[in-house]
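Below: the structure, in structure tokens.
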Amino acid sequence: MSSSSKENTTYPFDYLASSVEGYQERYAADVTEKSFFGFPMKSILSAERRLLDPKEPSIAYFSMEYGLAPSIYNSFQLSGRAINEKNQFFSHEVFSNYWLADYVFKVQIDKMLDIPIYSGGLGVLAGDTIKSAADLGFPFVGIGILWNKGYFKQNFWYKHGQVPEELEWDPHTYPGLVPLKNIIHIDTQEGPLALRLWKYYVYSYDKKRVCPLVLLDSNVEQNPEHFRRLTDQLYRSDDVWWKIYQRSILGIGGMRALASLGYAITRYHLNEGHAAFALIEKYINLEDKSQMQEEKNKFLFTCHTPVAAGHDRFFIHDTARVLPQQYVDAAQMFGKETPDSDQINLTYIALNNAQKMNAVAQKHGEVMRIQFPAFSGKIQAITNGIHPHTWVSEGMAELFDRYDETFGDWRAEPERLAQVMTLKTNDAFRKDLFEAHQKNKEQMIGTVNHWELSKDIMTIAWARRIASYKRPALIFYDINRLVDLAKKHGPMQILFAGKAHPNDNIGGSHIDKILDHIDQLNPYKDLIKVLILENYDTYFGKLLTSSVDVWLNNPLPPFEASGTSGMKAIINGVLQASTLDGWVVEAEHDDIGWIFGYRHSGGDLGSETNSRLAEDSSALYETLDQIMALYYQVNQKGRVDIHSAWIDKMIHCIARSAFFNTQRMVKQYNELMWGI
Ligand SMILES: *Cc1c(COP(=O)(O)O)cnc(C)c1O
């Protein structure tokens, strides 16, 4: 899609400025006729006009979370104000088996905090989706929630594991985020709930196009105190009351936000079942209910999780404590798993009503058809991706630019990265590629300099949300075997990071285990150095995925719907050590690293609780034996064998990243679901 034909007719800037709450006092210096926090205003005016135009098809995308981070993308500038320290921090503790450094130092990251409105991969995908929608010029608006206390701030306390803390940040001084005068209301059993709308603008990589992100916020004066806290913490789950409210805000509030802004939306895309009340809101507002059939055609649904706990189910009596009776009735009509069920299931509301739906990898498509056989004919698979411009390191981007005859405009056409195969026999390129990787590794080592890592030691990382099916501590299952490997081949460096949901005791216990294993490895610190970093976020995500030698991904098949962190790694030439699950199934035969462990096939899903640690850790150690042998062949204490099969694998990684990106994914969303 292109907006070029309509670029002349724009939306008036004055209208935009007058919609911002406190414009004169707070935002006049940063939001001007020419510039939005240093980015072109022109792109915004044209995007707004297209969303308001009833003749133009457009997409509203609903997601509970968005991973967006000015430290790695969309780095807005402030002219009138200093950056608020609350939006800036962090110093992060590190726990390692190199105790001396832990006692004295912290990792200092002098960057803007991510907008703290995500918890993990689902949010990062939503953020990358908006960026690619902007790159491709779709009239697209994201709907989400302004989490006033974020997800949470993670502290590790020695011997106490993860201790969560409320995160403090200040949306009013966060560059690029502006409160609107629009306040909408939703009806609840406890009276009207007021929600302020905020806007953030997500630009294309070349800043020529933009998509707005609208965030709902219950922290407004006219709400009673307990309502004001509803949008404090993402995925607050200590009481079902919070859950139902948070989903009502996203689904019902989201639809009302679109109406309040006057956006003429023709497609509603629900990212996960959390947003399913949007369908109920649509139904309630129809004067003639028989029109619902036609309205359903506008709804699309992306399902992200094969894990049963990932699907929201609420008792009807709990829902009736929150929502007016007509909503509860409609939710029962659309969302029961079986006619006599006393629960509504948000995934079923979406499955029953959305015209089209997708799983997030081909393997997940198979799994979803097993989970929801009644819908198997409707379930398509569109594999997730990552936004290339966000996740490619500066060093790799420079390398691709230097070989521009091969890669061309790879930012606009990431499929061009597949051309790297033509350089496989080019010795200069092979050398340059390994050097670019070593530079990335040095940069990461510099960030944690007090822990004295070496660029010539095989380095492996595991970093993601801590969830049981992802088996975070697998590599430590048998410490002796790990030590034996290092004795046989040479030393090893292992990096960890990840947050466990504060109410997830099992997740917390995985962190405890990792801390214990790190202690056990203290006597071996010259052979194996292990670090775990606090507060995994997209900044650390990019730092680690672009710099280590091997990215470890060991979920229990088939419970990883897709996974995306490995995709960030391959665009940076970082090899994979992975079980066969999620997106990796689609790269099984591409020689992008090593695949090990349990293979799921057909029939039923098996049990999440049978985590197969003994067998799969053993398979992992056998694989590490091969990995280390090859690593110490390509890198012999700094002497590089450019003809090594290791570099072949790096090249295959980059070639495969031509497919695993959100540019391709968003195009497929349009071809298979939006149809605009
Ligand atoms: C990419 C990313 C994830 C997703 O990782 P998976 O391995 O796909 O689970 C989670 N958190 C952050 C901060 C990320 O950048």
Side-chain angles (χ1 to χ4, degrees), residues 63-73 90 92 109 111 113-129 131 150-154 167 234-235 272 304-307 310 360-361 363-364 383-388 390-393 460-472 474 495-501 507 510 533-548 550-557 559-572 574 576-579 581-587 593 657 660-662 665:
S63 180
M64 202 69 158
E65 44 173 315
Y66 290 88
L68 292 164
S71 63
I72 55 173
Y73 190 80
F90 258 156
H92 309 261
I109 306 288
K111 300 275 184 212
L113 182 68
D114 296 359
I115 311 180
I117 57 170
Y118 73 98
S119 77
L122 177 71
V124 173
L125 179 85
D128 283 1
T129 300
K131 295 172 204 172
Y151 181 44
F152 69 97
K153 182 169 182 287
Q154 180 185 49
L167 186 146
L234 171 60
Y235 298 135
E272 199 51 297
H304 286 264
T305 180
V307 178
V360 293
K363 174 75 190 176
H364 179 223
T383 305
N384 279 348
I386 52 109
H387 185 245
T390 302
W391 296 104
V392 72
S393 59
I460 187 164
W462 188 102
R464 50 182 59 77
R465 210 161 46 79
I466 306 263
S468 288
Y469 77 88
K470 291 175 184 272
R471 303 186 295 186
L474 186 73
L495 299 170
F496 273 93
K499 290 176 167 181
H501 186 285
H510 291 298
L533 310 173
E534 262 178 9
N535 284 304
Y536 186 51
D537 63 1
T538 56
Y539 181 78
F540 278 138
K542 183 167 179 179
L543 186 73
L544 294 176
T545 53
S546 64
S547 67
V548 298
V550 178
W551 192 252
L552 179 60
N553 177 50
N554 45 229
L556 173 69
F559 294 102
E560 185 66 272
S562 166
T564 52
S565 62
M567 302 176 187
K568 303 167 192 169
I570 59 173
I571 197 172
N572 288 295
V574 167
Q576 305 295 300
S578 181
T579 48
D581 206 7
W583 73 274
V584 177
V585 176
E586 289 158 64
S657 72
F660 293 103
N661 57 69
T662 41
M665 182 196 80

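One-based numbering, in listed order, for ligands and for the atoms of each. Note: hydrogens, waters and symmetry copies are ignored here, and every other heavy atom, side chains too, is used.
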Exercise for the section: Mind checking whether Trp391 contacts ligand 1 via backbone (N, CA, C, O), side chain (CB onward), both or neither, at a 4.0 Å heavy-atom cut-off? Expected result: side chain

Exercise for the section: Tell me, please, which residues at least two apart from Lys131 pass salt bridge (charged side-chain N to carboxylate O under 4.0 Å, His left out). Expected result: Asp128

Exercise for the section: Considering non-hydrogen atoms only, spot the tightest contact between Leu234 and Tyr151 and give its length. Expected result: O-CD1, 3.7 Å

Practice task
Please examine the side chains of Tyr118 and Val124, heavy atoms only from C-beta on, and report whether any two atoms are closer than 4.5 Å.
Solution key: yes

Completion exercise
Looking only at non-hydrogen atoms, the one of Ser565, Pro555, Ala497, Ala569 nearest atom 5 (O) of ligand 1 is Ser565

Practice task
Check whether any heavy atom of Trp462 sits under 4.0 Å from an atom of ligand 1.
Solution key: no

Practice task
Mind checking salt bridge (charged side-chain N to carboxylate O under 4.0 Å, His left out) for Arg471 and listing every partner two or more places apart, or none if nothing turns up?
Solution key: Asp616

Handout entry: ligand 1 to Thr538 polar contact by distance, N or O atoms, under 3.5 Å
Key = no

Problem - Between Tyr235 and His501, ring centroids under 6.0 Å - result: no

Completion exercise
The atoms of ligand 1 lying under 4.0 Å from a heavy atom of Gly563, numbered in the order shown, are 8 (O)

Exercise for the section: Under 4.0 Å, heavy atoms only, figure out whether ligand 1 is touched by the backbone of Asp537, its side chain, both or neither. Expected result: backbone

Practice task
Look only at interatomic distance and state if Thr564 has a nitrogen or oxygen under 3.5 Å from any nitrogen or oxygen of ligand 1.
Solution key: yes

Problem - Polar side chain donor-acceptor pair, Thr538 to Asp114, under 3.5 angstrom - result: yes

Exercise for the section: Just need the protein heavy atom nearest to atom 12 (C) of ligand 1, so name the residue and atom and give the distance. Expected result: Tyr536 CE2, 3.4 Å

Handout entry: Option whose closest heavy atom lies nearest to atom 9 (O) of ligand 1, chosen from Arg465, Lys568, Lys470
Key = Lys470

Problem - 4.5 Å side-chain heavy-atom contact, Glu560 and Lys470 - result: yes

Problem - Protein residue, atom and distance nearest to atom 4 (C) of ligand 1, heavy-atom basis - result: Gly121 CA, 3.5 Å

